[in-house]
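Heavy-atom basis, side chains included; hydrogens, waters and symmetry copies ignored.
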Amino acid sequence: MTSFGKFFKVTISERFKAMNFILLINLIAIAVTSIWIAITGTLSSATFSSIVFSWSSIVFIFAFVRLSVLQERTFTRDSYRLIPISDIKFYLGNLASTVVSFLYVMLVECILYGIVIAMNLKSVQEMYTYMRLMNPGNNYSASSMILGALSMLLIVLSMMTLGWTTINLIHLVGRSAGNFLPSTGRKALNVVMYILVIWLVLRVVSFLNTQIGSSMAFIGNSNDTLTFFLNIAAFLVVAAIEAAVSIYLMGRWVETITE
């Protein structure tokens, strides 16, 4: 039997290549946009910051969608499913490589954020001073900011994991149901599946924006710590249930596609 580690290496390789391509396009887009603004107007450090943050949000959306597609292909391709490995290790290895790939994208984007902050250090210090003056009762210490950043990371990863397990479940349920439908019924089911996945992605993005805003409250106030971690626990419990159902479907109803 193939070990979890070996299977993880097989799946992570393809995903890293896909993420590197997206990040390369991101850097090209930032460079082209900056050059265009420098030619047609005035390129300042603040403008460059806006360019980086604007393209970053698009990168995260494309990374999520691309990883979702690669993850679903892994479930239904003979080249992967014929690997001698248990369904549990297969599912968890597939999901783990997806999460790690997204973390890689986040790390690269954070490096870009660091460059932007260094370029606008004076403005950041002024904003920090303004926040402390306007909210004297809140704690804006370094530890509280680190806690806010970690809480944001936790909520992003938990929501992404829930999003991927939900997409997996929708996909595998559709594939399983398609085995009992004629070709016309399968096409109609595929359309419904695509609509559900698109709706889910939009909901995840919307809800994630709300939760990130809530997690920022940790920077100034940590009284809602219990509620915050209960929300994360709820996301992960639902994700675990969806994963269990998906693993059951993988071993019994999902047919593979020969490449």
Taking side chain as C-beta onward, heavy atoms only, is [X] less than 4.5 Å from [Y]?
X: Thr98; Y: Met160; result: no
X: Arg15; Y: Thr11; result: yes
X: Phe8; Y: Leu92; result: no
X: Asn26; Y: Phe62; result: no
X: Ser101; Y: Ile12; result: yes
X: Ile88; Y: Phe4; result: no
X: Gln71; Y: Ile167; result: no
X: Leu249; Y: Leu169; result: yes

Whether Glu242 side chain and Thr166 backbone form a donor-acceptor pair below 3.5 Å: yes
Looking at Phe64, is its backbone amide N or carbonyl O close enough to the side chain of Ser68 to form a donor-acceptor pair, meaning the two atoms are under 3.5 Å apart?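 Present.
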Look up atom [atom1] in [X] and atom [atom2] in [Y], then write down how far apart they are to the nearest 0.5 Å.
X: Met19; Y: Leu103; atom1: CE; atom2: CG; answer: 12.5 Å
X: Ser34; Y: Ile39; atom1: OG; atom2: CD1; answer: 11.0 Å
X: Leu95; Y: Thr165; atom1: CG; atom2: OG1; answer: 7.0 Å
X: Thr74; Y: Asn94; atom1: OG1; atom2: CG; answer: 4.5 Å
X: Asp87; Y: Ser246; atom1: CG; atom2: OG; answer: 11.0 Å

Under a single-linkage definition using a 4.5 Å side-chain heavy-atom cutoff for Ile, Leu, Val, Met, Phe, Trp and Tyr, are [X] and [Y] assigned to the same hydrophobic cluster?
X: Val32; Y: Ile30; answer: no
X: Tyr80; Y: Leu70; answer: no
X: Val99; Y: Met106; answer: yes
X: Ile35; Y: Ile115; answer: no
X: Trp36; Y: Ile25; answer: no

Hey, could you give me each pair passing ring pair (Phe, Tyr, Trp, His ring centres under 6.0 Å) that has a residue in residues 92-120? Not counting sequence neighbours.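 Those involving residues 92-120 are Phe16-Tyr104, Phe53-Tyr113, Phe60-Phe102, Phe102-Trp164.
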Donor + acceptor pair across side chains of Tyr91, Asn168 (<3.5 Å): yes
Among all residues two or more places apart in sequence or in another chain, which pass the side chain to side chain contact (heavy atoms under 4.5 Å, CB included) test with Lys17? Ser13
I'd like to know whether Thr161 forms a side-chain contact (heavy atoms from CB on, under 4.5 Å) with Phe235, so could you lay out the CA-CA distance, the side-chain angles of the two residues, the decisive distance to 0.1 Å, and finally the verdict. CA-CA 8 Å; Thr161 301; Phe235 296 150; over 6 Å; no
Exactly one of Leu23, Asn20, Ile22 should register a side chain to side chain contact (heavy atoms under 4.5 Å, CB included) with Val105. Which one does?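 The passing option is Leu23.
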